[in-house]
Amino acid sequence: MSASPKTDWKKLIWALMGVAVFFVLPNFLSRFSIYLMALIFTTGLLATSLNMVLGYGGMYQFHHAVFYGFGAYTTALFLTKTGLPGWVAFVCAPLASALLSLLIGLICVRLSKLYFGMFQISLGSLVWAIIYRWYSFTHGDDGIHGIPVPDLIASGKSAYYFALIVLVVCLMIMYRIVESPFGRIFQGVRDNPERSEAVGVNVRKHQLVGMIIGGTFAGVAGSLFVVVEGSVFPDLLFWTLSLEILIMCLLGGWFTFLGPLFGAAIIVLLRTFVGIYTEYWTIVLGIVLMLLIFFLPEGVLGYIITRYRSRRNPKFQEG
Amino acid sequence: MDLLPNISLAAFCQQLLVGLSRTTILFIVASGLSLVLGVLRIPNVAHGSLYMIGAFLAYTIASAAGGGTFGFWLALVLAPLGVALISLAVERGLFCRLYEREHLMLLLFTFAFTLVFGDLVKLVWGSDFRSMNAPTSLQGSFDVLGFPFPKYNLFLLIIGPIVALGLWWLTNKTKIGKIAKAAAVDREMVAAVGINVSWVFASVFVIGCFLAGLGGALVAPTQNITQGMDHGIIIETFLIVIIGGLGNIWGALLGALIFGLTDAIGILIFPQFAIVFPYVAVITVLMLRPKGLLKSVW
Amino acid sequence: MLQVKSLTKNFDGFMAVNGAGLSLEKGQVIAVIGPNGAGKTTLFNLITGQLAPTSGTIRFKGEDITGIPPYAIVRKGLCRSYQVVNIFNRLTVFENVQVAVLSRRKHTFNLFSNARRMAVNETSRILESVGLKDMAHSISGSLSHGDQKVLEIAISLGNRPELLIMDEPTAGMSPEETEVTLSLMKKLSDEMGLTILFCEHDMNMVFAIAHEIMVMQQGKSIIQGKPDAVRVDKQVQEAYLGGDDICYA
Amino acid sequence: MKPLSRFILTTLAVLVFSAIITGPTAFAAKAVKVGIVDCYSGPPSTYTNDVRDAFKLAIDKINASGSLSRKIEFVTRDSKFKVDIGLSAAKELIMRENVDIMMGTINSGLALAISDLCKKEKIPFLVTFSKSAKITGEKGHRYVFSLTENSALAGKAMAESLAKKPYTKFWIGGDDYEYGHAIADATWEHLIKIKPEVQLLGQSWWKVREPDFTPYITAMLAAKPDAVIVATGGADCVPFLKAAKATGFNDKVPFIMHTATELSTLKPLGANGPEGVLGTSNYFHYFPDSAENKAFVSEFKAAYDRPPAVGALYGYLAATFIQKAYATAGSFKTEKFIDALEGMTVDSPVGKVTIRAFDHQAMLPMFMGVTKKSAEYDYLIADDIIVISGEDAMPAIEEIKKARGM
C-alpha cells in the first residue's frame, strides 16, 4: 500500500470505470440477472459492513444479521404502518440499526473474542425471538410481504440502480473510514488490542464505534433488501444467516476491502445456480468452505492481492 | 387469564425432576463440547451434528437388532462408538492440521462440517421421521406425588451422575486426563516434556464427540429423529459452556443445571413466556460474570 | 518524575510484587534488575496500568495515576515497549508508528480525514531516527526479529513519551542487534532527553547505560542507587551472586 | 500448495461462470411449465416429497393420455425452509425459467411472499401445503389458490368435534409460531361461539422443535383441565405423542391435535404410539374406503413403494385442477385458466373437491379420528372417523371480507 498520489489516481479511474460498466450493464441483462445483481449489491453491502467489524476490527461479530434484519424490519414497518414519505424509512433504518448495535455493543464489548461472539448470538437470538413472536406488530414468522416501496424505485431496473448507487456511496464512505485515522487505529486494535491500549487508544470505545459503524451499514443493506425483495421475515435475523455472511467475508478475503463484496457475489451466484441442479447445495458450500480454509485462508481476493504484490516486490511474500 | 396458576408443591417437585433429566442430556452433550474447547481450543459447531448422527445411528442399530429391548442397549453402546469413530477419522484426517489456526477459522471449519454432515444425513437416512423405542422396562411412568414421571427420565437421572463421575475419573485419575489438563493450560510445556500432544488431542476430541453421540443415542427414544436436530442443541450447549466457563467440565454441569431448571420452572410459572427464560438466565449470568461462572481455561 | 511507593500485587495468594518502591528524575536512565520471577514485568504492568495494584501508590509528574486505565496513562506521557514483540502485525512499519502518533494527537475518532496524509512528517522522522526508514512500507509481520524490536520502540516514541518504560529491550537479540539497540537508547536519552526505565538481564548493557539501578528480589525492591553503589551492596551480592547463572562484569 | 490454490480458484471461477452463462435447459416447444418451490431439506421434506411425487405421477398420466394439446412439465427448487432462498428461487423460476404456474410451499412465510410476487407477476400460484389462513383469507387475491386445508378450517373442524364432548375446562398448548397460534385461536374462537360455557385454564407455548415435552405435559396435568387442545404441527407431533405415551397423558386427559392421526406422524411411532388421541387430517390411505382412493393408493405404492400421505392428495389435486382448468378454458392463457379454476370441481380420492370461487380455497373434507392399534399395519391408524365436509369447515365469506377490509 503505497501512499503515492499516482496509485490513488489509478484506483479512482479503475473505480469509475467499474461503476460506469455497472451503470450500462442492465441494458444487456435479462430481468432475472438484473434482479440477481441487485441482490448481490445488497448482500455485498451487508458483507462489507460485517467486514468493517470483523476484518478491520478483528471482532468476532457472530450475529451481524440482527442489524441487517432490524434495518429491514424498520424500513418495512415504516412503509406499511406510517403514512410518512418512503424516504423517511430509509433514513430511520440505519439509525435504528445503529441504536441496536450501540445497545448490544455496550453490553458485549467488555468481553473478549469468543465470549463476545457467543454473547452476541444470545442477545441477537433474543431480538430474533421478539420479532418472531410479536404477531400484532411484526406479523411474527409470517413476515411482511407486498411492502409498498416508493414508485420511483419499485421496478426491477430502478431497484437495481438504487441498490447500485447506495452501494457505491456506502462503499465510498466505508473506504474513507478505513483510510481515516480511526480506521488505521481500528486496524491496530485488531492486530493487537493490548498494544493499542499501550499507545493510548481506548480499545473498548473504538470497538463500540466500530460496531455501530458496521451495524449502521448493515441497516442500510437491510432497507436495500426491502427495495429489492419487497418482503421481510424473521429469517433475516437468524444466526445461520450471520454465519453465511461470515463465510462471504472469508471467501472473498477479509483483509481486503472489496473481498467481502466479491465473496457475496460468489455465494449468491453459486447458491442460485447450484440450486438449479441439485438439492444438495449445502454440501457443496461445506466442501468449498473446507477447501478454502485449507488452501486459501486469505480468501480469493486476498490471495490474488498477495500474489500480485509478491510478484512486484518479493519482500511481501508471506510464509 | 391468570398468569400464576396455583402451583402445588408436588407439581413443583415434579417439574424439578423433569428439568433435571433434561439437564442430564444437556450436560452430557455440553461437557463433550467443553472438553474439546478446553483442551483443543476448537469451538466445535459440528458437535450438534455428531449428536444428530448419534441419534440416527442409534435408530439404525436398534432397528437392525429388531427394535426391542436388546436393540436399545446395543444402540446405546454402539452408536456413540460409531460417532467416536467418525470423529477420529475427521480429527486425524483434517483437524490435526489446523490446530494453529485462529479460533474463527476453526469455528468456520467446523461449521463447514455441520453443512456437510447435514446433507450427508439427508443422503443416508432420507427425509422420513424416525423413531425408536425405549426398552420395555423403561416405558411408561411412575407416579410421583400424584404426577406421572416417565421411567426413561429416571433412567436419564441415573445416567447423568454416572457420566459425570466417569468424566471426573477421566480428568483426575487417568494419565491422559492429567496430560490433557496440563495441555489445556500450556501446550508447549507438555510437548516439551516429550509427550505426543497430537495423540492426546485426538483422544480428547474423540472422547468429546463420543459424548455428543451418547447424548444423541440417549434422546433417540424420546424424540423425533430428523434432520435439523443439530441446530437447537448446538446453540443451547454453546450457551451452557459459555455461562459455565469455557473448557470447564463442571462449569458445563452448572450451566446445564441453570439452563435445564430455568426452562422447567419457567414452564410451570410463566408458561406463555417459557421460550425466553433460559436466554434471560444466560444473559443475567453473563452480565454478572462475563467470563462464566467457573474458572475458564481460556 | 515517577514515584512508586510500597506497591503490592496479589495473584490469588501469590505476591508477585510485594512492597516495591522506585523513584526517578527527569532525564535519568534507570534499570531494574533482579533474578527471573523477581516481579519486574509485573511491576511494569502495574505502573502502566495493565494491572491494577492490590495496594500502594504510583505518582507520575506529581499526579496519582494508580488504577487509571492504560490508555489514559499513556496520554499523560508514560509509554512502554514490551519484552515479547508486540506490534501491529498486518500493518506496515509506517502505519505501526502512525497509529501511535495519531493516537497522541487525539485523532482516534476522526472518521473522515485521509490518514495517509496525516502525521506523515513526524512518523517519518521517528522511523528515520530509529533507522527503519527503508522498510517503511513493508508489512511489519514480515520483519526480522531485531527490526521488530526496534519498531516496538519506535511505536512507543510515536506517543512522544516523557518517560519510556522498556521491558527487556534486547531479549532474544543477536550481539549486533543488541549493540544497535544500545546506541539507540543512548541516542534517545542524550539527544532527545528521554527518561528511560528499563529492565534487563544483560548486565553489560545495564552498566553501560543506566544512571541508577534498582534491584528487585521476590517482589521487593532491595536497593536503588548508582551502579557502583549497587555493585558493592551486600544484599545485592547475596541475592544475585548467590546464584550461578549470572554474567556480571 | 500454490498449484492447488490456483486449481481451486480456477474451479470456482469456472463454476460461477458456467453457471451464469448456461441458460435454462432448451425448453420443449409449447409445454406448460410448472415451477415448484418447496422445502426439500430438513424435517418438512417428509411432507413435501409426497406432494411432488404424487404431482409427478398425475402429470405423467395426463401427458400420456394426451388430454391436453400441450405437455405439462415441472421444475423444482429447494427452499431449505428459508424465505430468502425460496423467494429468490421463485423469482428465478418466474423470470428465467418463464414458468406458467407456481406451486408450493410448506413454509407459510414463503407462501405469502411468493403469493405477493405472483400477484405482481400475474402468475397463478397453487399453494400445496402451507396452513396459513391468510393465504386465501386476509391476503387472498386473484392469482393465489389454496389446495390444502388451513388453520381456519382445521380449527373450525376441531371445535365442532370438541363441542360434542362434555368438556368445559380447557388448556391450550402449542408451537410458538404463527401456525400454532392461528390454529389454537381458530379452534378456541369457534368453540366459544358454539359452546359459550367453555373455560380456558391457561396456555403453554413451546419453541418449535422443543426436544422434551414432559415438563409441559406435567404443567398441563397440574392445572387439571378436562381436555387439552394441542396446537403443534410438523416434526413436533412425534415427540409430543412420545411424551404423551411415556407419561400416560393420553390416558389421563383427553387431547386433540390436528395432524396427530396423519401417516407421517404415526408411522415413525410404530405400534408403540399412544392410543386414544383425537386428531384431524385431510387424508388417510385407508380412508375413505372408496374405489378412487384404493386405485390412487395402489398406483402410488407401485411407483414409490410406500403408501401416500396427506401431501400426495395435495399434489394429485394440483395436477388434476391444472389439467381440468386448461381443458375447460380451452386455452392456455393465464386469465382464462384462472376464470376456469374459480368454482371448479374435480374428483379425487376423497370425493369431489370444489374450489370456492370467492376466496380460491379448496373445500376439502376433514376426517376426525381416534388413534388405535391395527391388525393390518405395524403402526396406529385413525378409527371412528367422523367426516366434516369441506363446506361445514369453511370460514364464512363475510369473515374473509372483514379480514380483507372489504
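Chain naming here is simple, since letters A, B, ... match the order of the sequence lines and numbering starts at 1 in each. All values derive from a computational prediction rather than experimental measurement.
- Heavy atoms from other residues, nucleotides or ligands lying under 6.0 Å from CG of A:Asn27 number more than 12.
- Interface residue A:Asp141: backbone and side-chain heavy atoms are both found under 4.5 Å from chain D.
- Using a 4.5 Å cut-off between heavy atoms, A:Arg271 contacts chain D through its side chain alone, with no backbone atom that close.
- Atoms OH and CZ, from A:Tyr35 and D:Arg96 in turn, are 13.0 Å apart once rounded to the nearest 0.5 Å.
- What you find for A:Phe32 and D:Ser88 is that their closest heavy atoms are CE1-O, 4.2 Å.
- A 4.5 Å side-chain heavy-atom check between A:Tyr280 and D:Asp78 finds every atom pair outside the cut-off.
- With a 4.5 Å cut-off on side-chain heavy atoms, A:Arg133 and D:Asp176 count as touching.
- At a threshold of 4.5 Å between non-hydrogen side-chain atoms, the residues A:Leu39 and D:Lys91 do not count as touching.
- In this structure, A:His145 contributes its side chain and D:Gly109 its backbone to a donor-acceptor pair below 3.5 Å.
- Looking only at heavy-atom pairs under 4.5 Å with chain A, the residue among D:Asn107, D:Asp116, D:Leu93, D:Val75 that has the most is D:Asp116.
- Note that OG1 of D:Thr76 is 11.0 Å distant from CD1 of A:Ile276, once rounded to the nearest 0.5 Å.
- Using a 4.5 Å cut-off between heavy atoms, D:Ala89 does not touch chain A at all.
- In this structure, chain D has a heavy atom under 4.5 Å from the side chain of A:Thr240, while its backbone stays farther away.
- Applying the 6.0 Å contact sphere to CZ of A:Phe255 captures more than 12 heavy atoms from other residues, nucleotides or ligands.
- Ion pairing between A:Glu279 and D:Arg52 holds under the 4.0 Å rule for side-chain N and carboxylate O.
- Of the two parts of D:Lys134, only the side chain, counted from C-beta on, holds a non-hydrogen atom closer than 4.5 Å to a non-hydrogen atom of chain A.
- Counted within 6.0 Å of NZ on D:Lys401, heavy atoms from surrounding residues, nucleotides or ligands total 12 or fewer; the atom is thus considered open.
- For A:Ser30, no part sits under 4.5 Å from any heavy atom of chain D, backbone or side chain.
- D:His181 NE2 to A:Tyr135 OH: the interatomic distance, rounded to the nearest 0.5 Å, is 3.5 Å.
- Looking at D:Ser132, the atoms closer than 4.5 Å to chain A (heavy atoms on both sides) all sit in the side chain, from C-beta outward.
- Residue A:Val268: no heavy atom, backbone or side chain, is found under 4.5 Å from chain D.
- With a 4.5 Å cut-off on side-chain heavy atoms, D:Leu112 and A:His139 do not count as touching.
- The OG1 atom of A:Thr282 lies 3.5 Å from the NZ atom of D:Lys80; values are rounded to the nearest 0.5 Å.
- Using a 4.5 Å cut-off between heavy atoms, A:Leu241 contacts chain D through its side chain alone, with no backbone atom that close.
- The distance from atom CG of D:Leu87 to atom CG of A:Asp235, rounded to the nearest 0.5 Å, is 11.0 Å.
- Going from atom OG1 of A:Thr272 over to atom CD1 of D:Ile85 covers 9.0 Å, rounded to the nearest 0.5 Å.
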